[in-house]
Amino acid sequence: MPFDRDYVLTIRGLTKTFSGVKALDNVELTVRQGEVHALMGENGAGKSTLMKILIGLLTADSGEILLDGHELKNGDVNEAMKRGIAMIHQEIMAVPELTVAQNIFLGRETTGSLFGWLNDNHLNQQAKQLLDQMGISIRPDTRMKYLSVAEMQMVEIAKAISNDARVIIMDEPTSALSDKEVATLFGIIRDLKQKGVAIIYISHKMDEIFTIADTITVLRDGQYIGTRPAADLDIDRLIAMMVGRELGSLFPESSIRKGNEVLSVRRISRTGAFSDVSFSVHEGEVLGIAGLMGAGRTEVARAIFGLDRISSGEIRIKGQPVVIRSPQDAIQYGIGYVSEDRKGWGFVPRLSVKQNITLASLPNHTKGGLLQEKSETDVATKMIADLRIKTASPDQHVLYLSGGNQQKVVIGKVLLASPDVIILDEPTRGIDIGAKAEIYKLINQLKASGIAIIMISSELPEILGLSDRILVLTKGKQAAMLSKEEATQETIMAYAMQY
Amino acid sequence: NQSDSTQASQGDGGKKLVVGATMLSMQNEFIVNVNDEMAKQAEDAGVELITVDAERSALKQVEQVESFIAQKVDAIIMNPCEVEASSPAVAKALAAKIPIINVNSETSTKPSAFVGSDDVESARIAMKFIADKLGGKGNIVMMHGYMGQAAQIKREQGAREILKQYPGLKLIAHQTAEWDRAKAMDLMENWIQSYGSGVNAVFAHNDEMGMGAVKALTDAGLKNKVIVVSIDAIPDALQAVQKGTLDATVFQNAEQQGSKAIEAAVKLAKGQAVEKETLIPFQLVTKDNVAQFMKKPE
Amino acid sequence: MKNTIDPYLKPVRESYRTRVSRLGKAGIFVAFIVVCVALSLITPRFLTVPNLMIIVTQVSINALLAFGVTFVIITGGIDLSLGSMVAVTGVVAALFARSETYPVVVPILAGLLSGLLFGAFNGFVITRSKVPPFIVTLGTMTIGRGLALILSKGRPISNLSDSFNFIGGGQLLGVPMPIIILVVLFAVCSVILRKTVLGRYMYAVGGNEQAAKASGIQINNVKMAVYTMSGLLAALAGIVLTSRITTGQPNAGAGFELDAIAAAIIGGTSTSGGTGTMAGTLIGALLIGVISNGLDLLNVSSYYQQVVMGVIIIGAVVLDSVNQK
Amino acid sequence: MKNTIDPYLKPVRESYRTRVSRLGKAGIFVAFIVVCVALSLITPRFLTVPNLMIIVTQVSINALLAFGVTFVIITGGIDLSLGSMVAVTGVVAALFARSETYPVVVPILAGLLSGLLFGAFNGFVITRSKVPPFIVTLGTMTIGRGLALILSKGRPISNLSDSFNFIGGGQLLGVPMPIIILVVLFAVCSVILRKTVLGRYMYAVGGNEQAAKASGIQINNVKMAVYTMSGLLAALAGIVLTSRITTGQPNAGAGFELDAIAAAIIGGTSTSGGTGTMAGTLIGALLIGVISNGLDLLNVSSYYQQVVMGVIIIGAVVLDSVNQK
Ligand SMILES: Nc1ncnc2c1ncn2[C@@H]1O[C@H](COP(=O)(O)OP(=O)(O)OP(=O)(O)O)[C@@H](O)[C@H]1O
Ligand SMILES: Nc1ncnc2c1ncn2[C@@H]1O[C@H](COP(=O)(O)OP(=O)(O)OP(=O)(O)O)[C@@H](O)[C@H]1O
Ligand SMILES: [Mg+2]
Ligand SMILES: [Mg+2]
């Protein structure tokens, strides 16, 4: 490929091996000044790895990176940052104990050495300016640990753009954002484009890609598949490039008759989180819960599952009022919960797939007090097959699985405890389109088997595609309960933005 | 014989006299014995005795004496951790015009009075016994106390003095077992592996370690071939000497040290003169004379 | 989805994974073998049956403590009170073991009970308050030392019954009792860790406490269990030690906690919790024991012993981590 | 990565946030005041100027060590070699401080240099190998003890010059030198932690090493810096101690590391890294000093002292954490 002065960034022949496994194999990527270049691929395709090499967090085995035609030193974050690369990381890279301002300017406090002096007032002012410009109302002197995931993600964005970089990598910047913040981000991206900044944009949300991207490069399984102008592609063709085949309809039709009531809550409240929420779910029914970020959906789920206490109200299981003090109680009453934060509350990274899957129902696999490895393996193998979890073996550490498969492991764990009702909180966050389709299929299967499902999601298509009824929360209050027929994107948003 | 002591120990103002005592280590049986005797004598004399444990730290000891000074006690008894490092305590007490008595061992700064004995001498006695037993010829191993502590240094010094006099005695190995019975047992076991029956005698810096060595040798069936001698004459050691498993120990008179120390403290507090140095001699304890050292059961 | 080539299905990955986990366990084992071979070459006295027997006997006490603290560290905790528990339980056992007053099971049970209570107290404070285990067990370390001194009045308790002294000093079919106890407890602890629900929960709690909680695991019960087991194992160590030296020593065990924790960490247990094996811990304890024995055999002067000991331990773990790369 | 940010800690409400952080600092301070008031009520000898002076003087050595280890713990590390560094540096200083052979700055510099090298060695091994700091510093703890004995030939080094002895024993305007040194170093360490880039990076490295790395921070430099500073502060403690007891003592400082770490943790530094303040550490050290002094004043018998000490320390931290709820 000839050198082109339009190309601010050229990556050629890049290969990266993790202990014998090729995560990237002879990958190339060329990015023009002022373009939004989407990098697409399934979970585990190597997108983040490529970007981490670019910013210098990982060292490539071979290949070259040219920035403005000059080679970029391999594996040196400082050098990469100095030469104008910034990155929003997929995993939130925040120091919880430091403030927002301190996080934004971390590593760039002064121009001096380690013994330079700090001026936090100055940092706060600068941060405030920056956040105001972005239209974010977060106090710069708030400690990072008190922010919601969404707010942290916005701070990360602020951090990246404050660097005056000429190439900004955004690795799933919107995974925790709702439409409002996404719109803000896109506004920022357009501004940056105007200034000639190149953006490398990674996301699993297809609509975003076609809204913002100029060019799309696809990786599959560590291999470079191709680069196309976004205008030349549509969703189906892009998916075909990513997964190497056609994908059917995302939301298969399902017509299952709903059965008896499984769970109902009446006017439950938790001080400072939500109040007077009432709903019920029936066997074979999917109840969607929609709402904006911070509407309190997760809080409702946690309270029902016994992770938090409710301050008033009543929870009934199959018509019987129950008191739930801990997840153990909840599990006993037949409630399952898949957290929106799978790293935090979902799986144990250093336990194997098998061990994670059986974790919530372990006593079922004992004989004479001893664990029955075979029974565990049998059950796990079946679950791996049922949920199509892609893992080399049941003994693989979950740590090494891709996001989608980690999610399925958590779902498998919850299923094994044979719940009557499952609460799925953002079940497809950060998951590629193929895995999403599988999770949707799975939800329908569960539904068919008579399980009641509560699904919390920020993705309206998902809510609309799967739910039989939709509860909309706004600022911790119940704004509406919509039937499948009443619900459209517009009506949901109208209720969600009420007050 | 102390009928007038209660009255006698009122200070000038008629207030009860207060004596502060800082002890090397209250985890050491010998020191506990000294302190028990001090407590008993103090009670008989109607003196308030404040005992603190320096836990073998000279720094802590200096601090404790500082604290005594701040509390304005009438006299201080110090059972020094170190010769040099505990000296500032003496200097500070003297500067504050509070009499300070060293009990059991000395410091380089001379206190108001000294009651005790010279550790070097105890080791000389022990080693001399070994030399005599072996007829001036044989292989010896030595177990040190915690390295760098005054007692360890002095006991090593005494042992080496005697070894020099007997060129036929060879010190084939020496190692610390940190005053500890279990560690001494491990060490002896390892030495047995190294030297087998090539060892003729063991000198341990204290009885605890001596008892550990005895145990290891007994287990290995070597005890009757190897002489073990240690220092302190704790009850366990005396018993062992009586049974013949420990060949000898060196007796220091805890009771005398304790009572003489209190006596000196009370006198000095009241401004009376005392002996500058009260030396309480060591005595070698062997099977022959062990009976006279054994305490009657309480 | 047949066409999709999934990186996780690649055979290479499997082999990588197994290689890592194999090495993870093997790493320190290799270092251990290196040290042993070196010692055998330097001195012929090292590799003899009696000497190896002695090493294992000597290691047994530290290993028992290390097993207990391995449980604790796997859950993300720490136990600094081990040494003091050895002293307290040893003194308690000795008080009941004096010359044939009670049958030997009484001192054993008394010792174990005191260890159980001590450990349970640690667990109770740690689970009910938010005080970090480091501070709680540092506190009970001091408390325990005081208790041992109070109970024994600061003096060794001797003249223990022969049957009691058999525990640490006797032999069964030519094998010293401490070795037998070590082997049995190693088996028991391995089984608990690998084959019971409790063991699995330890890894879960240490690996991700929140996920464990969300899986319905009673975190506090698991923590109570590990600290109590640590207390019980310390009691066993205390009993073996007391019996071995035929004396209840109030100042026994000082500093043992560091050796035990070192054995666990050398053996691959991570201080951040969630990983660790009993086999690794055993190797860690053996490594420390072998070095200490070797240095005595070689008659390295005591000042240099300390230097060499430190260097070899760091060196062994460096070797281990290089191996794992 | 155990420090996953908990999205549920949410309530971002400013007021709540500041309340928490204010209490976080105040908690142990309240406990400290409670202990002081209690002691003043029990014994009139406690609240006197000379006694308070003595307490602070006595606390100074532990506080200096605790400052250093606070840096280390904030970055997520640990330093068990503190006590040995005190011994080595004290011996080195004493070797150069013998009766007026050199001007007093020579022994001071020699001591500090040896501490710097020792600490830098810790940092070097920790950053270049993957060996956990616990093992590395446990190893150098043993090595250091051996070195101190080798350098001093196992004997105390005495007859130090008066000018040297002034450092730990002298007074300036009626204030004991150790107190002055303590105050100065407290100020310096606080400023480093709160006002310099290095301090900020310590929090970052301990709070989230990945994030720190991704922000272009040279993790290894920060770690080298904290272990080196820990060595320097230990050297200062070693010099003060040596001067205070007018002797270079090869066995000095044994066990000091635990007290120093305890002071830091009592003062609110979390062993998992990322949090901690110098003021908290100072209060932690003072609390330990006050309790120890109080127990001596009350003439609590030494065995019970240990029990009471343990109980009060756990109690104070429980009080602290209850306060923080
Ligand atoms: N540190 C590591 N050690 C071993 N394997 C790794 C490591 N980091 C990534 N991998 C592997 O490299 C491959 C590519 O991972 P990468 O994170 O780049 O995927 P991705 O395309 O960003 O996926 P996602 O969409 O889920 O974020 C995966 O198979 C992953 O398991
Ligand atoms: N920045 C904030 N300031 C104050 N309170 C907040 C903030 N963010 C969230 N909360 C509180 O936390 C509660 C729940 O937030 P959470 O983000 O978990 O809700 P959610 O609807 O599940 O949103 P999502 O899952 O999309 O993040 C809200 O009721 C809100 O009061
Ligand atoms: Mg990624
Ligand atoms: Mg949510």
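Residue numbering restarts at 1 for every chain, and letters A, B, ... go by the order of the sequence lines. Computed from a predicted structure; not experimentally measured.
With rounding to the nearest 0.5 Å, the separation of CD1 in A:Ile92 from CD in D:Gln210 is 14.5 Å. To the nearest 0.5 Å, the span separating NZ on A:Lys145 from CG on D:Asn208 amounts to 13.5 Å. Atoms OG and CE, on D:Ser215 and A:Met81 in that order, are 6.0 Å from each other to the nearest 0.5 Å. If you take CD1 on D:Ile217 and CD on A:Glu109, they are separated by 6.5 Å, rounding to the nearest 0.5 Å.
No more than 12 heavy atoms of other residues, nucleotides or ligands sit less than 6.0 Å from atom CZ of D:Arg194. No more than 12 heavy-atom neighbours from other residues, nucleotides or ligands sit within 6.0 angstrom of CZ on A:Arg350.
When all heavy atoms of A:His89 and D:Ala214 are compared, the pair lying nearest together is NE2-CB, 3.5 Å. Pairing each heavy atom of D:Ala211 with each of A:Val95, the nearest pair is CB-CG2, 4.2 Å.
Neither the backbone nor the side chain of A:Lys52 comes within less than 4.5 Å of any heavy atom in chain D. Heavy atoms of A:Leu98 lying under 4.5 Å from chain D belong exclusively to its side chain.
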Next item on the list: Take D:Val191 and A:Trp117 through the test side-chain contact (heavy atoms from CB on, under 4.5 Å) and record every step on the way to the result.
Entry: CA-CA 9 Å; D:Val191 167; A:Trp117 292 99; 3.2 Å; yes
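A:Gln102 and D:Tyr203 form no side-chain donor-acceptor contact under 3.5 Å, judged by distance and modelled atom types alone.
Put simply, of A:Leu118, A:Asp120, A:Val77, the one with the most heavy-atom pairs under 4.5 Å next to chain D is A:Leu118.
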